Amino acid sequence: MTATPSATAPECRALVLFGATGDLAKRMLWPSLYALDTDGLLPKAFRLIGAATSKQTDDEFRQKVRDAICTSANASLFDEAKFAAFAARIRYVTVDIQTAGGLDSIKGALHQGEGGVIYYLSTGPQLFGPICLALRDAGLIDPHSRITVEKPIGTNSKTAHEVNEAIGAAFEEHQVFRIDHYLGKEAVQNLLALRFANAIFEPLWNANAIEQVQITVAEAVGVEGRWGFYDGTGALRDMVQSHMLQLLCLVAMEPPAGFTPSAVRNEKVKVLWSLHPITGTDVETHTVRGQYAAGYSAGQAVVGYRDEKGASPSSDTETFVALKVGIDNWRWAGVPFYLRTGKRLAKRCSEIMIQFNPAPFNIFADIGATLSPNALLIQLQPEEMITLTLMHKKPGMNEVKLAQVPLNLSVGETFGHSRRRIAYERMLLDVLRNNSALFVRRDEVEAAWKWIDGIIDGWKTTGYAAKPYTAGSWGPSAAIALTERNGHSWNE
Ligand code: BG6
């Protein structure tokens, strides 16, 4: 699903990838660029310039890109002839990304011609400012240039503001593409279609008809060798500030005036402004922090977070967080939005559940039937599925019995099981097409951080410690209590 590109611009002529040998580049970016090339979606003569600190030749670097593609989720696309054509686009330059020194070599690797250059910063956010300013000072930015940055943008609202200021000193906001890869997932984009291409939901999509909303992003993996990064971040900053709040915005936003980047983003940011603050001792009733202890994942024994490689045995960083969130506006007043995310949970699954109010009166009570409220379940991954639960009569002559049954739409069965694309393929294509609808605007990032700051301050001032949970479970029992206090329970 692609919104109308925001402006007509000449085709880009190159992408310069800073952090070209890093983990994200290897797992996601090179395999995604390769897939776009094999689909014929990269402009003719488009050049790909990898920039990193190590010294190596173009051919040595191309070999690394080849290895990365062959061990990635797109390995099945690999073909020698297609890779040879892809490799011909690639150059490598050594750049000191700490100081952004050596940018002259980028000039040398860029060919002359029409079209802008995309700078993709797959580096730590502390380097965004220095790299942007160095690009500007080296005369490498023009009105057709674009800059793409990865989350996290800062670690709180102050540092996010500083990073955005530094980017803004070199680029206009319309040139900036802030990636949240969840917005590149097909199922996430379909949320907009589900809500705004169907008339049946909108009259029910509010506090009059909806009792509660749940958003779960559960991961079975642990910190995957990233303990050093993760320990300074934690689940709230890593997942909630970005992916979970973006999902919440798509569920809760008002209908946009059109399917344009600014119309969609205007409505999303209003949701962020309406989040009820969770501050001070509210964190004790509205949030749960957890940290995984040893347990089992997919039948294998796994160590606890504090015993991971390189870990500190006294770390209190949360690997799980659950929140009860309120949205202070006319549509959602009084409806709890429960959010939960964590690592080393029972299984990988991301889903949104909208639970409607119970039937106002049960005419079947005398025959012993209880009625379960209707729910709309939107499964985002691992499979894409939409389920509406309904009460239904069990077929039979003698007695009336009711059962809750699912009305299912499996995206794979309906549209065919096509290759599951890496979300970055969509994101990179949209940067090339100058379409910023699926990218996060500066005001969204800063509004999200402002709300997150309140929770982090509350955790600090109350000394709210992370509760241990067994790896392979659904998190600490306090997360169950969070919903049960309101008479709700997590969908499992
Ligand atoms: C990233 C987080 O943004 O998203 C990771 O930094 C997390 O910690 C990942 O594992 C999850 O993404 P996905 O696409 O696998 O659900």
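Predicted model, so just to flag it, every value in this text is computed and none were measured. Whatever order the structure lists ligands and atoms in, that order sets their numbers, starting from 1. Along the sequence shown, the residues carry numbers beginning at 1.
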Using heavy atoms and a cut-off under 4.0 Å, could you grab the residues that are in contact with ligand 1, chain by chain, numbers ascending? Lys151, His181, Tyr182, Lys185, Glu219, Arg226, Asp238, Met239, His243, Lys343, Arg348, Gln381

Does a sphere of radius 6.0 Å around CZ in Phe229 hold more than 12 heavy atoms from other residues, nucleotides or ligands, not counting ones at 6.0 Å or beyond? yes

Between the side chains of Glu224 and Lys309, is the shortest nitrogen-to-carboxylate-oxygen separation below 4.0 Å, so that they form an ion pair? no

Decide yes or no for Tyr119 and Leu17: does some side-chain heavy atom of the first lie under 4.5 Å from some side-chain heavy atom of the second? no

Apply side-chain hydrogen bond (donor to acceptor under 3.5 Å, both in side chains) to Arg340 and list each qualifying residue two or more places apart in sequence or on a separate chain. Thr216, Glu492

Pair Gln212-Asn486, side-chain donor/acceptor within less than 3.5 Å: no

Pair His243 and His181, ring centroids less than 6.0 Å apart: yes

